[in-house]
Amino acid sequence: GSTLQAAAAETNRYFGTAMAAHYLNNSGTMNIVNREFNMITAENEMKMDAMQPNRGQFNWSSGDRIVNWARQNGKQVRGHALAWHSQQPGWMQNMSGSTLRTAMLEHVTGVATYYRGKIHSWDVVNEAFADGSSGARRSSNLQGTGNDWIEAAFRAARAADPGAKLCYNDYNTDNWSHAKTQAVYNMVKDFKSRGVPIDCVGFQAHFNSGNPVPSNYHTTLGNFAALGVDVQITELDIEGSGNSQGEQYRGIVQACLSVARCTGITVWGVKDSDSWRASGTPLLFDGNGNKKAAYNYTLDALNAG
Ligand code: G3I
């Protein structure tokens with residue numbers, strides 16, 4: 001294939017990007033999105049604060065701009081994210097206990113119902129585990145409603161949109177030997193054994209010198225897949241430049257292609273200048289929309305699969 005989406009499709013995988021609503025104002029960026037990618041994640045526009053700014057009042061406008069563009073152009077959509085400790089609307093941030101549990105479940109149900117049938121995969125719960133060596137849940141207002149808040153969110157999402165794949169999504173879960181990776185693995189294993197509806201695990205894959213691409217990445221992806229879930233690389237970006245950055249992108253693609261249930265890769269933005277990282281050049285296109293070495297390595301690795 002001569003584009004990322006075409007090359008990925010040759011092994012029945014997708015290749016996606018995060019897309020912010022402001023991309024729609026930039027025809028150069030949108031030409032790249034349309035040409036290269038066939039899976040779209042809203043970078044911020046479908047998060048809790050955007051979707052339900054006031055309790056019980058949903059605002060679909062920014063999410064719809066992205067979902068409608070995607071569907072009109074033959075793209076699929078990853079929904080991001082139904083329940084998260086971050087980017088909660090102000091009214092939710094100071095809630096706790098059963099009031100918050102109810103509000104969270106109403107949010108999950110409301111958003112997943114509205115977009116029913118239009119979402120390939122939902123990040124049902126995002127970033128619920130702590131960093132470091134504890135393997136514990138992240139402390140948050142949602143965690144404070146009880147350890148079962150995650151499975152409650154998954155059950156609500158399944159009821160609202162039975163056709164969407166339901167994912168748990170997190171970062172720093174790439175290295176198999178890390179406590180956080182093991183903790184998420186144990187949760188997924190438990191969910192599968194008890195019939196909690198989970199279909200996929202998303203690996204955000206934000207890499208830099210402090211969190212390098214691990215050499216055991218294929219082991220991590222393979223071990224999760226062996227639990228009976230799909231795995232997806234959901235927010236890929238890698239700090240660096242030139243061939244060394246390209247080699248790291250190649251390693252990620254090779255790891256995904258080596259695991260049958262690794263169903264797709266999404267990069268977290270199009271041009272370096274659009275990245276959430278204030279400085280740096282972690283993406284596949286430079287600020288002028290030119291293909292970087294990282295792009296060529298990624299495309300070649302997809303085609304080699
Ligand atoms: O829209 C407002 C604007 O009105 C305001 O003037 C401006 C002033 O700060 O803020 C704007 O909102 C910002 C928003 O991005 C849109 O640009 C927020 O401050 C900023 O916090 C927000 O950052 C996003 C971040 O998530 C928030 O947690 C990034 O764009 C987004 O790339 C990033 O994405 C996350 C994933 O959702 C989860 N995994 C990690 C990933 C990277 O952090």
Side-chain angles (χ1 to χ4, degrees), residues 8 13-18 39 41 78 80-81 84 86 121 123-138 150 165 167-189 191 198-240 244-269 275-277 280-284 294 297-298 301-302 305:
R13 291 177 170 85
Y14 65 79
F15 208 98
T17 183
M39 182 70 73
T41 306
R78 289 193 84 264
H80 175 77
W84 190 17
S86 182
S121 300
D123 290 332
V124 177
V125 170
N126 195 37
E127 301 177 0
F129 281 82
D131 293 311
S133 58
S134 70
R137 295 282 183 86
R138 176 192 296 277
I150 298 179
K165 288 186 181 290
C167 305
Y168 177 78
N169 191 55
D170 214 330
Y171 66 91
N172 285 357
T173 48
D174 311 288
N175 192 316
W176 178 243
S177 66
H178 282 179
K180 189 173 176 181
T181 310
Q182 296 293 319
V184 175
Y185 177 86
N186 287 329
M187 179 189 73
V188 175
K189 188 176 183 185
F191 280 12
I198 185 169
D199 306 304
C200 38
V201 176
F203 296 82
Q204 293 186 11
H206 295 292
F207 296 110
N208 57 24
S209 56
N211 180 45
V213 176
S215 59
N216 60 18
Y217 206 35
H218 62 288
T219 303
T220 304
L221 298 178
N223 285 346
F224 274 86
L227 293 175
V229 289
D230 289 346
V231 294
Q232 304 170 347
I233 294 168
T234 54
E235 304 181 13
L236 178 61
D237 51 22
I238 309 176
E239 265 302 354
S244 95
Q245 182 182 42
E247 288 162 8
Q248 294 175 77
Y249 267 98
R250 178 176 63 195
I252 296 292
V253 172
Q254 288 173 338
C256 181
L257 295 186
S258 75
V259 174
R261 292 195 74 159
C262 183
T263 58
I265 299 173
T266 294
V267 291
W268 204 241
S275 171
W276 67 286
R277 294 190 190 276
T281 55
L283 296 172
L284 300 179
Y297 275 89
T298 300
L302 291 168

Applied to residues 175-184, the salt bridge (Lys or Arg N to Asp or Glu O under 4.0 Å) test, sequence neighbours excluded, yields Asp131-Lys180, Asp170-Lys180

Non-hydrogen atoms of Ala179 and Ser134 that approach each other most closely: CB-N, 4.5 Å

For Gln204 and Asn169, the nearest pair of non-hydrogen atoms, with its separation, is NE2-ND2, 3.4 Å

Close side-chain approach of Pro214 to His178, heavy-atom, < 4.5 Å: no

By side-chain contact (heavy atoms from CB on, under 4.5 Å), Ile150 pairs with (sequence neighbours left out) Val125, Ala128, Arg137, Phe154, Met187, Phe191

From CE (Met39) to OG (Ser121), nearest 0.5 Å: 6.0 Å

Would a 4.5 Å heavy-atom cut-off, applied to side chains only, mark Asp237 and Val267 as touching? no

Nearest-0.5 Å distance, CD1 of residue Ile252 to CG of residue Leu221: 8.0 Å

Could you grab the distance from atom OH of Tyr217 to atom CD1 of Ile233, nearest 0.5 Å is fine? 4.5 Å

Side-chain donor or acceptor of Asn172 paired with backbone N/O of Asn211 under 3.5 Å: no

Only pairs at least two apart or in different chains count here, so list each salt bridge (Lys or Arg N to Asp or Glu O under 4.0 Å) that has a residue in residues 217-226. none

Measure across Gly305 and Leu257 and return the closest heavy-atom pair with its distance rounded to 0.1 Å. CA-CD1, 3.5 Å

Gly240 to Thr281 - nearest heavy-atom pair and separation: O-OG1, 2.7 Å

For the pair Gln182 (side chain) and Trp176 (backbone), establish whether a donor and an acceptor sit closer than 3.5 Å, ignoring hydrogens and angles. yes

Indicate the atoms forming the closest heavy-atom contact of Phe224 with Val229, along with that distance. O-CG2, 3.3 Å

Return yes if some donor-acceptor pair links the side-chain N/O of Thr181 with the main-chain N/O of Ser177 below 3.5 Å, else return no. no

Side chain to side chain, Thr41 and Thr234, heavy atoms closer than 4.5 Å: no

Listed partners of Asp199 passing side-chain contact (heavy atoms from CB on, under 4.5 Å), at least two apart: Arg158, Lys165, Leu166

May I ask you to test the His80-Asn126 pair for a side-chain heavy-atom distance under 4.5 Å? yes

Measuring only between side-chain heavy atoms, which start at C-beta, is Tyr14 closer than 4.5 Å to Thr263? yes

Per side-chain contact (heavy atoms from CB on, under 4.5 Å), Thr298 is matched among Leu236, Val253, Ile265 by Val253

Sort and list the pairs that fulfil salt bridge (Lys or Arg N to Asp or Glu O under 4.0 Å) and have at least one residue in residues 245-264, not counting sequence neighbours. Asp230-Arg261

Drop me the distance from Tyr249's OH to Leu284's CG, to the nearest 0.5 angstrom. 4.5 Å

Between Ser86 and Glu127, do the side chains contain a donor N or O and an acceptor N or O under 3.5 Å apart? no

Which heavy atom of Leu283 sits nearest a heavy atom of Trp268, and at what distance? CD2-O, 3.7 Å

Taking the side chain from Thr220 and the backbone from Asp174, do they hold a donor-acceptor pair closer than 3.5 Å? yes

Hey, is the main chain of Glu235 close enough, under 3.5 Å, to the side chain of His206 for a donor-acceptor pair? yes

Could you note down all residue pairs passing salt bridge (Lys or Arg N to Asp or Glu O under 4.0 Å) where residues 210-225 supplies at least one of them, sequence neighbours left out? none

